Amino acid sequence: MARDLKYTRNIGIMAHIDAGKTTTSERILYYTGKTHKIGEVHDGAATMDWMVEEQERGITITSAATTAFWHYGADTYQINLIDTPGHVDFTVEVERSLRVLDGTVATFCAVGRVQPQSETVWRQADKYKVPKIAYVNKMDRVGADFMGVVDDIKNKLGAHAVPICLPIGAEEKFQGIVDLIDMKAYFYDTDNKELVNFEIKDIPAELLDEASQWRNNLLETAAEFDEALMQKYFDDPQTITKEEIIAAIRKGTIAMDIVPICCGSSFKNKGVQFLLDAVVRYLPSPLDKGNVTGINPRTNEEVERKPSASEPFCGLVFKIATDPFVGRLAYMRAYSGRLDSGSYILNTRSVKKERVARLYQMHSNKQNPIDFVEAGDICGVVGFKDLHTGDTVCDEKHPIVLESMVFPDPVIGLAVEPKTQGDLDKLGIALGKLAEEDPTFTVKSDNETGQTIISGMGELHLEILVDRLKREFGVEINQGAPQVNYKEALMQTVQHREVFKKQTGGRGKFADIIVELGPADEGVTGLQFVDEVKGGNIPKEFIPAVEKGFKAAMQNGPLAGYEVTSMKVVLKDGSFHPVDSDQLSFEICARQAFRKAARKAAPVIMEPIMALEVVTPEDYMGDVIGDLNKRRGQITNMDSRGGARIIKAKVPLSEQFGYVTVLRTLSSGRATSTMEFSHYAELPANLAKDIIDRAGTRYLDDED
């Protein structure tokens with residue numbers, strides 16, 4: 001008999017670095033009975049941080065999945081949990097997890113409040129329409145301010161934040177929480193790590209007025225989502241039942257109109273059970289998320305799949321990992337149907353049928369073999385030969401392509417080579433496996449120097465990958481200095497005619513095109529190609545070759561050989577030769593047209609600009625701002641929080657290498673910084689000239 005999906009929750013825990021995601025995940029595993037000993041991040045013993053690099057650094061690098069069960073009332077709920085990284089360099093792990101989750105717990109530090117990466121993951125959750133509940137962690141820390149976080153969520157994230165509990169005390173006096181639905185107080189025993197480590201008592205007299213006020217706020221919000229409840233609220237609020245409040249808040253949460261907020265201290269084992277109750281009460285099941293929509297690749301029509309085991313199977317691969325024991329492991333979310341171990345399914349990207357060798361229920365880096373998966377499950381699959389992140393797999397008789405994932409381009413590169421020539425092949429294989437796992441990690445060869453360039457999202461990202469090459473693949477490498485991934489852009493539109501003729505005896509080559517080349521329309525990336533050829537001056541079969549030629553040419557910009565990320569080409573006219581013209585002639589002609597025309601279209605070099613946030617004591621503020629000005633930084637905002645000053649700035653990535661060390665020196669180790677990619681902007685002409693000079697002349701000047 002198929003499992004009732006209303007008792008399933010697919011959730012993630014997301015937050016800024018150091019908000020306590022992994023500690024919260026560890027407590028969830030403990031209180032659901034999944035583990036019998038609490039693993040601590042600072043001891044390097046966290047279950048969900050299984051990589052050596054994670055345990056050494058005390059940070060999460062790769063998202064880990066597990067399944068646990070929570071008893072709520074008379075029912076048992078299956079919680080499929082994904083713990084995601086907080087560091088911005090690993091933002092892709094959050095992105096791909098959110099793509100397949102039904103709900104998420106946004107965790108905030110009670111002292112740090114809403115921080116830059118909190119805003120990033122919040123936007124990612126909004127993008128994939130993932131309902132959220134907020135959990136304010138670290139209420140026992142000095143400077144903890146629950147209401148400050150609630151205000152931040154309202155003001156900085158624009159969310160309708162609704163506390164469902166209040167803290168009893170704060171900092172070292174944090175004792176427990178007031179449940180605003182039951183109007184009872186939970187007092188926790190810090191030393192007792194039993195599964196029930198709290199006592200339920202009456203609300204302390206000094207908190208009663210505040211609790212009544214916030215409960216009224218909660219009832220008012222809940223009433224907005226239920227007309228019958230609204231009537232009761234106006235007639236007699238005392239008659240509103242607990243079940244009615246929960247149902248209304250659940251409705252508002254799933255519609256993404258409200259965000260219920262609870263609090264606790266995961267490290268001190270306070271508030272986690274209440275959080276688990278909130279997860280099953282308010283976050284959606286696969287049934288609440290409803291049907292999944294995709295395209296039938298054979299008919300190009302939109303099709304739907306219900307979250308039911310009786311539907312044809314379809315699933316989305318959201319992560320590829322290389323496991324030393326089982327090999328290539330694909331993480332998959334099943335949206336509909338049932339998939340049995342040993343059966344065959346269709347990969348809609350490669351249009352190939354592949355056999356599912358084994359299915360696993362994941363618990364961090366351990367796999368428990370299972371016979372089948374059904375709609376709503378998250379599992380590990382082994383056996384696929386050609387599978388990428390974002391691929392849809394489905395029943396071959398009922399094909400469907402689900403919306404894939406788009407990942408940001410890497411912003412920083414590094415030249416690498418093996419220390420010994422014998423390791424050359426090993427390095428190639430290892431880099432291939434790492435690139436397969438991580439869509440924001442790319443590997444390419446520099447045609448000019450013959451070097452292998454690896455690119456990623458930041459210095460830490462590349463540092464971890466180099467570390468993994470050594471530990472997991474046994475490849476020692478030499479590395480160059482980090483390099484910025486510049487881009488090139490065209491600022492003006494020009495018209496150009498290109499004629500390509502080649503006669504070498506026998507059949508020659510001929511192509512003639514008139515094009516308009518310039519910047520793409522706003523919001524368009526890649527090549528925007530418009531065919532305006534009239535009267536068959538260029539046969540239809542040669543038009544795609546022209547587009548292909550321009551697309552290939554964009555890989556090497558006219559100034560220093562960096563990629564041109566967007567461009568508009570309008571093919572106006574041209575001519576052909578009935579014998580000598582072919583597709584290759586028109587492709588070569590397009591490449592040559594780009595080389596000449598792009599140089600006339602006011603090309604510029606674009607550099608990545610990073611959004612930087614520095615938290616510093618007041619005493620060092622002048623030095624920090626002075627240093628940012630030297631780095632071509634633009635201060636965008638200054639604020640104060642809990643005695644510290646917060647400086648927000650936009651700074652070019654090229655000026656930020658080694659910044660953490662400089663900041664420590666300037667502030668005697670007391671300031672901290674976080675940085676994430678913001679946008680590309682034009683590089684000043686004097687700096688662009690240096691880069692162009694270093695690159696040398698990429699092309700011979702055809703006009704000379």
Side-chain angles (χ1 to χ4, degrees), residues 20 24 27 31 105 107-114 133-155 159-192 196-223 233 236-246 248-249 252-253 258-279 281-282 641-642:
T24 304
R27 296 311 184 271
Y31 286 115
V105 177
T107 307
F108 298 92
C109 170
V111 183
R113 303 195 203 172
V114 173
I133 58 176
Y135 172 60
V136 180
N137 188 24
K138 303 195 177 185
M139 280 303 302
D140 58 315
R141 287 260 314 273
V142 175
D145 181 357
F146 177 67
M147 285 306 161
V149 183
V150 174
D151 289 342
D152 256 15
I153 292 173
K154 286 178 183 172
N155 301 329
H160 189 168
V162 184
I164 52 174
C165 72
L166 293 178
I168 301 171
E171 303 182 348
E172 75 276 4
K173 291 181 182 156
F174 177 61
Q175 296 168 274
I177 55 177
V178 172
D179 180 347
L180 293 174
I181 292 172
D182 277 335
M183 284 301 274
K184 288 287 180 189
Y186 290 60
F187 285 90
Y188 291 87
D189 180 352
T190 308
D191 301 322
N192 177 8
V196 179
N197 66 336
F198 57 85
E199 278 184 84
I200 300 176
K201 297 181 181 177
D202 289 335
I203 298 171
E206 67 274 14
L207 281 173
L208 207 47
D209 285 350
E210 191 186 357
S212 301
Q213 187 188 333
W214 281 103
R215 177 182 165 82
N216 195 50
N217 176 61
L218 182 64
L219 290 178
E220 199 178 306
T221 305
Y233 176 71
D236 183 4
Q238 301 302 320
T239 60
I240 297 175
T241 65
K242 172 181 174 178
E243 287 67 31
E244 286 174 320
I245 302 171
I246 289 170
I249 296 171
T253 306
I258 60 172
V259 178
I261 301 188
C262 46
C263 64
S265 165
S266 298
F267 182 54
K268 295 284 175 65
N269 311 305
K270 295 176 183 177
V272 178
Q273 298 97 319
F274 186 84
L275 172 64
L276 280 162
D277 284 347
V279 164
R281 278 177 177 176
Y282 309 120
R641 184 197 300 151

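By convention here, the first residue in the shown sequence is residue 1. Note that the structure is predicted; figures quoted are calculated from it, not measured.
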Chemist: Heavy-atom distance under 4.5 Å between the side chains of Arg141 and Cys109, does that happen here?
Modeler: yes
Chemist: Does any N or O in the side chain of Asn155 come within less than 3.5 Å of the main-chain N or O of Asp151, such that one atom is a donor and the other an acceptor?
Modeler: yes
Chemist: If you apply the rule side-chain contact (heavy atoms from CB on, under 4.5 Å), what do you find for Leu276 with Gln273, and how did you get there?
Modeler: CA-CA 5 Å; Leu276 280 162; Gln273 298 97 319; 5.5 Å; no
Chemist: Of all the heavy-atom pairs spanning Phe187 and Asp202, show the shortest one and how long it is.
Modeler: CE1-O, 4.4 Å
Chemist: Are Glu243 and Ile246 packed together at the side-chain level, in the sense that at least one heavy-atom pair is separated by less than 4.5 angstrom?
Modeler: no
Chemist: Return yes if some donor-acceptor pair links the side-chain N/O of Arg27 with the main-chain N/O of Phe267 below 3.5 Å, else return no.
Modeler: yes
Chemist: Please find the pair of heavy atoms, one from Gly271 and one from Tyr135, that lie closest to each other, and give the distance.
Modeler: O-CE1, 4.4 Å
Chemist: Any side-chain heavy-atom pair from Val150 and Pro163 closer than 4.5 angstrom?
Modeler: yes
Chemist: Does any non-hydrogen side-chain atom of Ile203 lie less than 4.5 Å from one of Met183?
Modeler: yes
Chemist: Can you see which heavy atom on Pro260 is nearest to which on Ile249, and at what distance?
Modeler: CG-CG2, 3.9 Å
Chemist: Please report the closest heavy-atom contact between Asn269 and Tyr31, naming both atoms and the distance.
Modeler: CB-OH, 3.1 Å
Chemist: For Ser265 and Met139, work out which heavy atoms get closest and say how close.
Modeler: CB-N, 4.3 Å
Chemist: Mind checking what makes side chain to side chain donor-acceptor pair (under 3.5 Å) contact with Thr253, not counting sequence neighbours?
Modeler: none
Chemist: For Ala161 and Lys154, which heavy atoms make the closest approach, and how far apart are they?
Modeler: O-CE, 3.5 Å
Chemist: Do Phe108 and Asp152 have side chains that get closer than 4.5 Å, going by heavy atoms?
Modeler: no
Chemist: Any cation-pi pair here, Lys270 with Tyr188, using under 6.0 Å and within 45°?
Modeler: no
Chemist: With sequence neighbours excluded, tell me which residues meet side chain to side chain donor-acceptor pair (under 3.5 Å) with Thr24.
Modeler: Ser266
Chemist: Using the rule given for side-chain contact (heavy atoms from CB on, under 4.5 Å), can you reason through Ile261 versus Phe146, listing the C-alpha separation, both sets of side-chain angles and the distance that settles it, and then say yes or no?
Modeler: CA-CA 10 Å; Ile261 301 188; Phe146 177 67; 3.7 Å; yes
Chemist: Do the side chains of Val279 and Ile133 get nearer than 4.5 Å, heavy atoms only?
Modeler: yes
Chemist: Output, in order, the C-alpha distance, side-chain angles, deciding distance and verdict of side-chain contact (heavy atoms from CB on, under 4.5 Å) for Met147 and Asp145.
Modeler: CA-CA 6 Å; Met147 285 306 161; Asp145 181 357; 4.1 Å; yes
Chemist: Would you say the side-chain atoms of Glu244 pair up with the backbone N or O of Thr241, donor to acceptor, closer than 3.5 Å?
Modeler: yes
Chemist: Extract all donor-acceptor atom pairs below 3.5 Å that involve side chains of residues 164-180 and protein atoms in other chains or at least two apart in sequence.
Modeler:
residue: Glu171; atom: OE2; partner: Gly143; partner atom: N; Å: 2.7
residue: Asp179; atom: OD1; partner: Ile181; partner atom: N; Å: 2.9
residue: Asp179; atom: OD1; partner: Asp182; partner atom: N; Å: 3.3

